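Below: the structure, in structure tokens.
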Amino acid sequence: MATTIVEIVEQTPNKLIFRNQLPASLRIAFTIFGMGFVGTLLITIPTIINSGDNQAILFLSFICLFSVVFGCVAISVGIDVGTYTIDKTLNKLTIKRLNLFENKSIEYQRHEIADVLFEENTDSDGDKYYKIFFVLASGKRIHRIVSDDQVKQRKMVDLIRSYLNLPPKE
């Protein structure tokens with residue numbers, strides 16, 4: 001499982017801003033890999049246009065479509081960033097999500113956040129990874145943050161809980 005890095009961008013007595021994203025090396029690799037697939041499209045266009053063979057045109061069209069879809073997904077994964085701002089002065093949590101397909105911001109008032117959970121999971125290879133969830137008063141889990149660093153994830157949960165004025169978990 002590709003793991004993300006959670007880094008604190010700003011920490012003051014009234015504000016905590018942290019970012020969740022892939023490590024730089026993986027972001028670059030996904031982006032280059034995705035651009036390579038999109039580049040395949042540019043290389044095959046002349047072949048499609050100049051080919052008189054209908055089967056070849058159909059096959060190359062499929063390759064182009066696959067390249068564009070897979071390339072866009074790989075680029076999107078490479079640039080996917082979540083920024084979380086807990087502002088005690090405004091009494092709210094703002095979550096900004098930026099990737100190739102979306103650029104959106106969602107705000108939650110402090111009273112809407114009932115809990116922050118830490119979960120341990122195991123992937124199909126037996127490797128452990130850890131998730132942080134914000135839990136709304138309705139019980140809905142939102143915006144999971146995944147990492148393979150248990151200590152950092154637990155510390156981040158404690159820090160988030162303190163900024164949201166939630167009692168510490170045992």
Side-chain angles (χ1 to χ4, degrees), residues 1-38 69-170:
M1 164 166 283
T3 186
T4 59
I5 293 175
V6 180
E7 62 182 349
I8 296 173
V9 177
E10 179 183 335
Q11 184 177 1
T12 66
N14 290 319
K15 188 183 278 188
L16 174 65
I17 301 174
F18 62 96
R19 185 175 296 133
N20 179 42
Q21 62 189 6
L22 286 172
S25 58
L26 284 176
R27 287 195 317 269
I28 291 167
F30 273 113
T31 303
I32 290 172
F33 188 64
M35 291 176 76
F37 270 92
V38 172
V69 170
F70 192 78
C72 288
V73 168
I75 291 169
S76 178
V77 167
I79 63 170
D80 189 16
V81 177
T83 303
Y84 303 79
T85 303
I86 300 170
D87 192 323
K88 288 183 173 184
T89 307
L90 300 174
N91 210 21
K92 66 180 169 181
L93 164 68
T94 304
I95 301 172
K96 293 181 181 176
R97 193 73 196 257
L98 172 66
N99 64 36
L100 189 64
F101 300 112
E102 65 182 347
N103 182 8
K104 69 179 182 178
S105 181
I106 302 171
E107 291 185 350
Y108 298 96
Q109 293 300 314
R110 164 56 196 98
H111 69 273
E112 293 180 87
I113 309 296
D115 205 356
V116 179
L117 297 179
F118 173 87
E119 251 184 29
E120 181 178 303
N121 295 277
T122 306
D123 67 15
S124 59
D125 295 331
D127 299 323
K128 292 189 178 193
Y129 62 98
Y130 309 92
K131 295 180 185 177
I132 298 173
F133 290 97
F134 292 96
V135 181
L136 298 179
S138 66
K140 180 180 177 184
R141 292 179 173 201
I142 58 168
H143 298 280
R144 70 170 190 198
I145 301 165
V146 181
S147 175
D148 62 357
D149 190 327
Q150 179 182 18
V151 173
K152 285 185 180 177
Q153 287 286 77
R154 283 195 187 276
K155 285 181 182 178
M156 185 55 71
V157 167
D158 292 341
L159 184 62
I160 293 168
R161 293 181 71 78
S162 73
Y163 270 84
L164 291 172
N165 297 321
L166 295 169
K169 287 263 185 173
E170 300 289 320

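It should be emphasised that the depicted structure is a prediction, and the values quoted were computed from it without experimental measurement. Index from 1, following the sequence.
For Arg19 (side chain) and Val9 (main-chain N/O), no donor-acceptor pair under 3.5 Å exists by modelled atom type. A donor-acceptor pair is defined here as one N or O able to donate and one able to accept, closer than 3.5 Å; such a pair exists between the side chain of Asp123 and the backbone of Asp125. Formation of a donor-acceptor pair under 3.5 Å by the Arg110 side chain with backbone atoms of Ile113 is found in this model.
Two residues are said to be in side-chain contact when any heavy atoms from C-beta on lie closer than 4.5 Å; Tyr130 and Arg154 fail this criterion. Between Ile8 and Leu159 there is a side-chain heavy-atom pair separated by less than 4.5 Å. Using a 4.5 Å heavy-atom cutoff, the side chains of Arg141 and Lys131 are not in contact. In this structure the side chain of Tyr84 reaches within 4.5 angstrom of the side chain of Phe134, judged on heavy atoms. Side-chain contact between Ile95 and Arg97 is absent, with no heavy atoms from C-beta onward closer than 4.5 Å.
Around the NZ atom of Lys96, the shell of radius 6.0 Å holds no more than 12 heavy atoms that belong to other residues, nucleotides or ligands.
Taken from CG in Leu164 to CG in Asp115, the straight-line distance is 10.0 Å, to the nearest 0.5 Å. Expressed to the nearest 0.5 Å, how far CD1 of Ile17 lies from OG1 of Thr83 amounts to 8.5 Å. Put simply, NZ on Lys128 and CD on Glu120 are 4.0 Å apart, with the number rounded to the nearest 0.5 Å. The NZ atom of Lys155 sits 9.0 Å away from the NZ atom of Lys152 when rounded to the nearest 0.5 Å.
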Using residues 86-94 as the side-chain source, report each donor-acceptor pair under 3.5 Å to any protein atom, sequence neighbours left out, with the distance given to one decimal.
residue: Asp87; atom: OD1; partner: Thr89; partner atom: N; Å: 2.9
residue: Asp87; atom: OD1; partner: Leu90; partner atom: N; Å: 3.1
residue: Lys92; atom: NZ; partner: Glu107; partner atom: OE1; Å: 3.0
residue: Lys92; atom: NZ; partner: Glu107; partner atom: OE2; Å: 3.2

